[in-house]
Enquirer: 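First the structure, which I've put down as structure tokens, then a few questions once you've had a look.
As the structure is a computational prediction, the values presented were derived from the model and not from experiment. The figures here come from the full heavy-atom set of this structure, side chains too, leaving out hydrogens, waters and symmetry mates. The residues of the chain are indexed from 1 along the displayed sequence.
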Amino acid sequence: MDKIKQNYKGILLAMCIALPAWFLGKAFPIIGGAVIAIIAGMIVAIFIKDKSDFETGIKFTSKKILQWAVILLGFGLNLGVILETGKQSLPIIISTIATSLIIAFILQKVMKIPTKIATLVGVGSSICGGSAIAATAPVVDADDEEVAQAISVIFFFNVVAAIIFPTFGKILGFSTVDGNAFGIFAGTAINDTSSVTAAASTWDTMFNLGSETLDTAVTVKLTRTLAIIPITLVLALVRAYNEKKNNTGSGENSFSFKRAFPMFIVWFIVASLITTLCVNFGVSAAVFSPLKTLSKFFIVLAMAAIGLNTDIVKLIKTGGKPLVLGFFCWVGITAVSLGMQHILHIW
């Protein structure tokens, strides 16, 4: 009861922002509800002089509900189908992820960008945008402003990609008879699901391909999502090792199994396995659709809370370097995706 009393005001405030943001995201999928929620939250925060009544609820929403969202995301993944249909794109996915993470690591050192922001931008660029940032933020203990900054960077390049990639693909000479090549390109080179679907749907419309490109792009995108598991576990081990090195004694900051393997990622894997087993035993994948939808709404809700906890003025002032980092990650991923497709004779 005490927990409810402490948290309900902040949760309700975030909910008031998240609900309209959710429906606006449906109307404008190229932007998405998560981005609308985080921007709206930052704007609302300007007008709240004293956030003390809302503070614990906002923190609960931005941390715990975000973790619940990642767990529920697992119910949208049938591992068998994804791995079977995503085999062709797997070498490209691995190459693009490695490229983005290497670029983020190098530029973080060269440009002296805060490690957590560089990690979030690198992971968000390489895996699946907002969902990857949502999964990674608790693991690296990123604060709300760092999450907001990373989301903003990813959003910018998502929109640019969704708008220009169909025309870019036509100029490059992708096949217009089937949607395989452009679908793989969109699925590997665009960060967030909303923008992947927007670009792929545009290609289908341009060349009357039904949903062929969209189906390919979404499958590739879901295959990329699986990279959340090894990436977050490696980051957790690195963090635990550093904490052990810096705090050699026993106590709260010493090495722990739970810190090395965050339980919400374990439950994400369990959720994915449940879906996979159920579908293999004849249960319709549609059964899990409400959980997938709830996961997406929880991400929007958490982003509203993160926006409420972010100083928009400070964000703008410090956003230059992360934007440059995001640009180089985006260009690197695009170039490697095209190069690998050419090597594999897809394009």
Enquirer: Specify whether F185 and F168 have parallel, tilted or perpendicular ring planes, treating 30° as the upper limit for parallel and 60° as the lower limit for perpendicular.
Expert: tilted

Enquirer: Compare all side-chain heavy atoms of N180 with those of S175 and state whether any distance is below 4.5 angstrom.
Expert: no

Enquirer: Please report the shortest heavy-atom distance between A181 and D178, naming the atom on each side.
Expert: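 Taking A181 first and D178 second, the nearest heavy atoms are N-OD1, 4.2 Å.
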
Enquirer: Once you round to the nearest 0.5 Å, how far does CD of E146 lie from OG1 of T119?
Expert: 9.5 Å

Enquirer: If we ignore angles and hydrogens, is there a donor and acceptor under 3.5 Å between the side chains of T213 and D204?
Expert: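 D204 and T213 do have a side-chain donor-acceptor pair below 3.5 Å.
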
Enquirer: Can L90 be reached from L222 by stepping across I, L, V, M, F, W or Y side chains whose heavy atoms are under 4.5 Å apart?
Expert: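 Cluster IDs for L222 and L90 differ.
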
Enquirer: Has T216 got a side-chain atom pairing as donor or acceptor with I184's backbone, closer than 3.5 angstrom?
Expert: no

Enquirer: Within the side chain of S100, is there an N or O that forms a donor-acceptor pair under 3.5 Å with the backbone of I97?
Expert: no

Enquirer: Find out if a path of hydrophobic residues (ILVMFWY) with successive side-chain heavy-atom gaps under 4.5 Å connects I127 to V238.
Expert: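 In one cluster with I127: V238, no.
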
Enquirer: Would you say the rings of W347 and F174 are close, in the sense that their centroids are separated by under 6.0 Å?
Expert: yes

Enquirer: Any donor and acceptor pair, going by atom type alone, linking the side chain of S337 with main-chain N or O of I333 inside 3.5 Å?
Expert: no

Enquirer: So for atom NZ, which belongs to K51, do other residues, nucleotides or ligands contribute more than 12 heavy atoms lying within a distance under 6.0 Å?
Expert: yes

Enquirer: Given side chains that start at C-beta, do those of I117 and K321 come closer than 4.5 Å, heavy atoms only?
Expert: no

Enquirer: Do the side chain of T232 and the main chain of T136 share a donor and acceptor less than 3.5 angstrom apart?
Expert: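 Here the side-chain-to-backbone pair does not exist.
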
Enquirer: State whether the side chain of N309 and the backbone N or O of A305 hold a donor-acceptor pair below 3.5 Å, judged by distance alone.
Expert: no

Enquirer: Return the minimal non-hydrogen interatomic distance between N191 and K221, and the atom names on each side.
Expert: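 Scanning both residues, the minimum pair turns out to be O-CE, 2.9 Å.
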
Enquirer: Under 4.5 Å between side-chain heavy atoms, counting indirect links through other Ile/Leu/Val/Met/Phe/Trp/Tyr residues: same cluster for L233 and I228 or not?
Expert: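 Looking at the clustering, I228 is in the same group as L233.
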
Enquirer: Are I306 and I299 in one and the same hydrophobic cluster, where Ile, Leu, Val, Met, Phe, Trp and Tyr link if side-chain heavy atoms are under 4.5 Å apart?
Expert: yes

Enquirer: Where is the tightest heavy-atom contact between G326 and V153, given as atom of each residue plus distance?
Expert: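 In terms of heavy atoms, the two residues are closest at CA-CG1, 3.7 Å.
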
Enquirer: Looking at G187 and V220, what are the two nearest heavy atoms and their distance?
Expert: C-CG1, 3.6 Å

Enquirer: Identify, with sequence neighbours excluded, every residue that meets salt bridge (Lys or Arg N to Asp or Glu O under 4.0 Å) alongside E145.
Expert: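 By the salt bridge (Lys or Arg N to Asp or Glu O under 4.0 Å) rule, E145 matches K314.
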
Enquirer: Do I133 and V123 make a side-chain contact, defined as non-hydrogen atoms from C-beta onward lying under 4.5 Å apart?
Expert: no

Enquirer: If you apply the rule side-chain contact (heavy atoms from CB on, under 4.5 Å), what do you find for W267 with Q67, and how did you get there?
Expert: CA-CA 10 Å; W267 288 117; Q67 292 180 16; over 6 Å; no

Enquirer: Please list all pairs meeting ring-ring contact (aromatic ring centres under 6.0 Å, His included) that have one or both residues in residues 98-134, counting only residues at least two apart or in different chains.
Expert: none

Enquirer: Find out whether F268 and L77 are in side-chain contact, i.e. whether some heavy atom of one side chain is under 4.5 Å from a heavy atom of the other.
Expert: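 SC-SC contact between F268 and L77 confirmed.
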
Enquirer: Carefully, step by step, assess F297 and K292 under the rule side-chain contact (heavy atoms from CB on, under 4.5 Å).
Expert: CA-CA 9 Å; F297 179 73; K292 289 161 58 180; over 6 Å; no

Enquirer: Are L24 and V35 connected in the hydrophobic side-chain network, where two residues link if heavy atoms are under 4.5 Å apart?
Expert: yes

Enquirer: Under a 4.5 Å cut-off applied to non-hydrogen side-chain atoms, are F165 and T334 in contact?
Expert: yes

Enquirer: Which heavy atom of S95 sits nearest a heavy atom of V336, and at what distance?
Expert: CB-CG1, 3.6 Å

Enquirer: Might you point out which heavy atoms bring C329 and G122 nearest each other, and give the distance in Å?
Expert: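 In terms of heavy atoms, the two residues are closest at SG-CA, 4.4 Å.
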
Enquirer: Indicate, with yes or no, if the rings of W68 and F60 have centres closer together than 6.0 Å.
Expert: yes

Enquirer: First locate atom CG of D50, then atom CD of E55, and finally report the distance between them rounded to the nearest 0.5 Å.
Expert: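 The CD atom of E55 is 9.0 Å from CG of D50, to the nearest 0.5 Å.
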
Enquirer: List the steps, then state whether side-chain contact (heavy atoms from CB on, under 4.5 Å) holds for S131 with T225.
Expert: CA-CA 8 Å; S131 299; T225 303; 5.6 Å; no

Enquirer: Could you go through the side-chain contact (heavy atoms from CB on, under 4.5 Å) check for K9 and L12 one step at a time?
Expert: CA-CA 5 Å; K9 289 183 179 179; L12 280 177; 5.9 Å; no

Enquirer: Find the distance between CE (M303) and CD1 (I151) and round it off to the nearest 0.5 Å.
Expert: 4.5 Å

Enquirer: Sort and list the pairs that fulfil ring-ring contact (aromatic ring centres under 6.0 Å, His included) and have at least one residue in residues 108-159, not counting sequence neighbours.
Expert: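 Sorted pair list: F157-W330.
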
Enquirer: Can any side-chain N or O of T275 pair as donor or acceptor with the backbone N or O of F75 at less than 3.5 Å?
Expert: yes

Enquirer: Is it the case that the side chain of N158 and the backbone of S195 share a donor-acceptor pair, with hydrogens and angles ignored and the cut-off at 3.5 Å?
Expert: no

Enquirer: Using side-chain heavy atoms (C-beta onward) and a distance below 4.5 Å, is K170 in contact with F182?
Expert: no

Enquirer: When you look at NZ of K63, are more than 12 heavy atoms from neighbouring residues, nucleotides or ligands closer to it than 6.0 Å?
Expert: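 Above 12, so yes.
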
Enquirer: What's the separation between atom CD1 in I312 and atom CD1 in I43, rounded to the nearest 0.5 Å?
Expert: 5.5 Å

Enquirer: Can you find a pair of side-chain heavy atoms, one from V139 and one from R239, that are under 4.5 Å apart?
Expert: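 A side-chain contact under 4.5 Å is absent here.
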
Enquirer: Return the CD to CG distance between Q341 and L172, rounded to the nearest 0.5 Å.
Expert: 10.0 Å

Enquirer: Check each of I102, L101, I103 against T99 using the side chain to side chain contact (heavy atoms under 4.5 Å, CB included) test, and report the only one that passes.
Expert: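 With T99 as partner, side chain to side chain contact (heavy atoms under 4.5 Å, CB included) holds for just one option, I103.
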
Enquirer: Would a 4.5 Å heavy-atom cut-off, applied to side chains only, mark T96 and S126 as touching?
Expert: no

Enquirer: What's the spacing between S272 OG and N78 CG if we round to 0.5 Å?
Expert: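 Atom-to-atom, S272:OG and N78:CG are 9.5 Å apart.
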
